[in-house]
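Notes to accompany the following structure.
Every chain is numbered from 1 and lettered A, B, ... according to where its sequence line falls, protein lines coming before strand lines. None of the values given here were measured: they were computed from a predicted structure.
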Number of protein chains: 2
Amino acid sequence: MKSKITLKELAKLLNVSVSTVSKALHDSPEISPKTAERVKELAKLHNYRPNPVAVNLKRSKTGTIGVVIPNISNSFFARVLSGIEAQAQEKNQQVITYISNESIERERQICDMLTSGLVDGVLIAVSEETQKKQEYDHLFSLVDYDIPLVLYDRINIDIPADKVGVDDEKSFFDATNYFISRGVKNIGLASAIHHVGIGKLRIKGYEKALAGENEQHLACSTVPEELRKKIKSLLTKDKVQALLCTDFESTILATRIAYEENIQVPSQLKLIGYIGREVAEFLTPSLSYIEQHPVEVGSKAMEILNNRLEGNYKPGQFKESIIATSLVHLESTKF
Amino acid sequence: MKSKITLKELAKLLNVSVSTVSKALHDSPEISPKTAERVKELAKLHNYRPNPVAVNLKRSKTGTIGVVIPNISNSFFARVLSGIEAQAQEKNQQVITYISNESIERERQICDMLTSGLVDGVLIAVSEETQKKQEYDHLFSLVDYDIPLVLYDRINIDIPADKVGVDDEKSFFDATNYFISRGVKNIGLASAIHHVGIGKLRIKGYEKALAGENEQHLACSTVPEELRKKIKSLLTKDKVQALLCTDFESTILATRIAYEENIQVPSQLKLIGYIGREVAEFLTPSLSYIEQHPVEVGSKAMEILNNRLEGNYKPGQFKESIIATSLVHLESTKF
DNA sequence: CTGAAAGCGCTTACAG
DNA sequence: CTGAAAGCGCTTACAG
């Protein structure tokens with residue numbers, strides 16, 4: 001039950017003023033070595049730690065940053081968070097986590113809270129709904145309140161803020177070219193996120209790589225049963241020899257359909273998915289995937305936010321940083 | 001650029017005192033309806049919101065709670081967090097997230113921070129290392145500082161705190177009995193977490209169900225290659241007809257080895273794993289699993305913490321709440 | 001070298 | 001009904 005000791009109590013015990021104690025603990029040159037030592041000794045004895053709330057009030061800052069996550073079950077975002085947290089830890093900042101569950105309504109509530117002065121800055125990946133509706137008023141309200149804002153991952157939004165993204169387009173451009181260079185003829189693409197920004201970019205990369213020379217084979221739908229039908233058609237009718245999947249759902253669906261249709265991966269069908277390592281390497285056969293380096297996305301976002309907070313960037317000019325993906329080959333792309 | 005307006009500024013604009021403004025905004029009966037209205041109107045116009053840091057200092061609380069997570073890539077913990085966050089949101093509390101990465105050293109640092117008064121209470125699942133070493137001094141220091149503490153998931157620790165767990169033992173007892181009742185003879189168990197609390201409990205459930213009547217078939221190792229060998233031996237030499245897996249790693253390894261050894265699931269081998277739905281239902285064949293209801297673990301932990309904070313529990317007496325698991329049958333246990 | 005004072009932004013007993 | 005004062009726990013210019 002060592003209830004926290006305050007400066008005032010320390011001062012009384014030492015028979016000096018609160019100011020003296022405070023200065024001594026901050027190694028102020030104003031204080032004599034002797035009293036400085038006395039103060040520090042007693043402070044250590046009582047394990048004194050300044051009340052962070054009081055310090056923050058005095059400094060007019062909070063020492064915390066807010067992170068908005070659309071969906072924490074998505075391991076990409078979970079790992080982004082871990083990158084953010086690691087970075088914050090080094091800088092002794094606290095991370096307040098908010099989960100929007102892909103809902104714009106919830107996102108609005110969160111942004112509303114955030115403008116009340118709970119945090120020094122905000123990292124956000126906007127919800128799918130927000131992207132669909134393209135309503136960004138709540139984000140602009142953060143900007144209006146001068147709360148530094150960094151968008152991560154879902155950055156295809158016209159708003160004056162720093163951004164950290166993933167090179168979605170290039171990842172699929174490269175992956176498609178990988179197959180082209182190996183002489184694969186029918187290359188298909190499956191997507192359950194064709195309607196959102198990152199989905200569009202990945203599809204664009206695929207289309208650019210094909211560049212009219214090869215026929216496109218697309219299976220896109222947000223409805224699982226629809227998507228299943230379309231992928232099945234790609235595999236059995238179009239007989240694609242390679243399939244790129246833009247997201248977890250389509251990836252898993254594709255491996256599933258191949259299994260059901262008795263199509264051997266990788267001998268008859270090469271597969272590349274957009275999923276995390278934890279799952280990719282444990283599928284049967286193990287699945288080649290595009291690694292997005294989520295931890296780096298998180299730490300980069302945090303780094304940019306801190307630079308912004310420390311005034312290292314010019315106001316009105318914004319950073320946009322893109323983290324390179326890598327194509328990790330496991331069994332499903334063996335030739 | 002609407003920089004935040006303060007009570008003082010509001011007061012000046014209205015030509016009243018700060019106290020009057022504060023009271024008016026809190027619907028104090030001391031204030032005349034007329035001024036109350038004037039104040040509220042201007043407050044709304046300027047979108048006034050009390051500075052939470054100041055309010056917290058005044059109230060001597062922080063309005064935030066700290067959550068310590070061993071490993072956020074584990075979807076169980078990610079979903080626990082989402083349960084916590086949802087509950088916190090309703091109560092208008094902030095959730096500060098810390099990730100220990102299963103390291104006791106990091107956990108100590110976190111607990112040290114937490115004793116400085118950053119949060120009103122703490123929810124923690126201790127790291128594996130902490131469990132192994134059984135060093136809980138840092139947890140006791142939270143207790144010493146009178147910071148309410150709720151352990152979740154990993155609760156097999158002798159410490160005066162509230163706890164929310166999962167009925168690990170019963171889950172495996174029931175699962176094993178499920179097979180026994182169907183006349184399955186050789187029932188095996190695979191584990192990569194046999195050395196930690198929850199692993200031990202699951203194994204215990206299995207052993208109790210077998211109760212000497214049936215032979216045990218255990219494959220346990222923390223070394224992937226070791227575990228692989230042992231599971232393979234279970235499947236090919238012991239020829240188990242059913243296999244229970246205590247964790248993600250052993251579950252995936254088992255499906256993998258069955259595939260490689262050309263053992264058909266579920267006709268030749270029934271499988272039950274301890275993994276999340278997202279992955280379970282997308283494996284091939286889909287994998288029956290034990291659902292732990294992580295979101296409920298999180299919201300229950302939060303509920304207990306809030307009750308504790310509100311003084312609804314007797315000091316010195318602690319709650320222990322167990323969330324029931326359910327066995328979800330997918331393809332891998334079809335008879 | 002030390003301490004009194006002001007102030008961060010708020011709330012609330014108390015006086016008028 | 002309104003406002004001055006004290007105080008939450010701290011920091012820091014300023015006076016002595």
Side-chain angles (χ1 to χ4, degrees), chain A residues 2-40 42-43 46-64 92 113 115-120 145-146, chain B residues 2-40 42-43 46-64 92 113 115-120 145-146:
Chain A
K2 359 170 183 169
S3 68
K4 295 185 51 53
I5 193 166
T6 65
L7 271 195
K8 207 203 252 181
E9 290 161 334
L10 233 34
K12 199 185 298 172
L13 289 173
L14 289 161
N15 262 318
V16 294
S17 74
V18 169
S19 1
T20 301
V21 177
S22 176
K23 284 176 195 160
L25 293 174
H26 286 89
D27 292 313
S28 160
E30 287 184 28
I31 301 297
S32 79
K34 238 192 344 204
T35 43
E37 203 180 334
R38 274 183 64 218
V39 170
K40 285 183 181 175
L42 193 73
H46 288 273
N47 195 18
Y48 169 77
R49 321 261 271 303
N51 177 331
V53 177
V55 174
N56 289 336
L57 177 60
K58 187 66 198 167
R59 295 210 195 298
S60 317
K61 56 164 211 104
T62 66
T64 78
N92 229 292
M113 298 205 55
T115 54
S116 80
L118 278 163
V119 298
D120 295 333
Y145 273 100
D146 272 334
Chain B
K2 359 170 180 166
S3 66
K4 297 184 51 53
I5 194 167
T6 65
L7 271 193
K8 207 204 252 182
E9 291 162 334
L10 232 37
K12 198 186 298 172
L13 288 173
L14 289 161
N15 262 318
V16 294
S17 74
V18 170
S19 3
T20 302
V21 177
S22 176
K23 285 175 194 161
L25 294 175
H26 287 87
D27 292 315
S28 159
E30 289 185 25
I31 302 297
S32 79
K34 234 187 353 200
T35 44
E37 202 180 338
R38 272 183 67 218
V39 171
K40 286 185 179 175
L42 194 72
H46 287 273
N47 195 18
Y48 168 77
R49 321 262 269 306
N51 178 331
V53 177
V55 175
N56 288 336
L57 178 59
K58 187 67 197 165
R59 295 208 195 298
S60 318
K61 54 164 213 108
T62 65
T64 77
N92 229 292
M113 299 205 55
T115 54
S116 80
L118 277 162
V119 298
D120 295 333
Y145 274 101
D146 272 335

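When heavy atoms are screened at a 4.0 angstrom cut-off, T6(A) is found touching the sugar-phosphate backbone but no base atom. Using a 4.0 Å heavy-atom criterion, one finds that S32(B) contacts the sugar-phosphate atoms exclusively. Residue contacts for T35(B): at a heavy-atom cut-off of 4.0 Å it reaches the sugar-phosphate backbone alone, with no base atom in range. Within the 4.0 angstrom heavy-atom criterion, no nucleotide atom of any strand lies near V53(A).
Inter-residue side-chain proximity for V39(B) and L10(B) is flagged as unmet; no heavy-atom pair is nearer than 4.5 Å. At least one side-chain heavy atom of I31(B) sits less than 4.5 Å from a side-chain heavy atom of T20(B). In this structure the side chain of L7(A) reaches within 4.5 angstrom of the side chain of Y48(A), judged on heavy atoms.
Annotation for R49(A) and M113(B): closest pair NH2-N, 4.2 Å, computed over non-hydrogen atoms. When every heavy atom of G63(B) is checked against every heavy atom of N56(B), the shortest pair comes out as N-OD1, 4.2 Å.
Toward the 5' end of DNA chain D, the nearer of the two residues P33(B) and S22(A), judged by each one's closest nucleotide, is P33(B).
For the P atom pair drawn from dA4(D) and dG7(C), the interatomic distance equals 15 Å after rounding to whole Å. Between dT2(C) and dG9(D), the distance separating the two P atoms is 25 Å to the nearest Å.
Judged by distance alone, the side chain of H26(A) and the main-chain N or O of S22(A) form a donor-acceptor pair under 3.5 Å.
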Run V21(B) and E9(B) through side chain to side chain contact (heavy atoms under 4.5 Å, CB included) and show every step you take. CA-CA 10 Å; V21(B) 177; E9(B) 291 162 334; over 6 Å; no
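Across all strands shown, dA4(C) remains unpaired; no Watson-Crick or G-U wobble contact has both distances below 3.5 Å.
For the residue pair D120(B) and T62(B), a side-chain donor N or O sits within less than 3.5 Å of a side-chain acceptor on the partner.
Nucleotides of DNA chain D that come within less than 4.0 Å of any heavy atom of chain B span, from the 5' end to the 3' end, dC1(D) to dG9(D).
DNA chain C is contacted by L57(A), K58(A) of residues 56-63 of chain A, taking any non-hydrogen atom closer than 4.0 Å.
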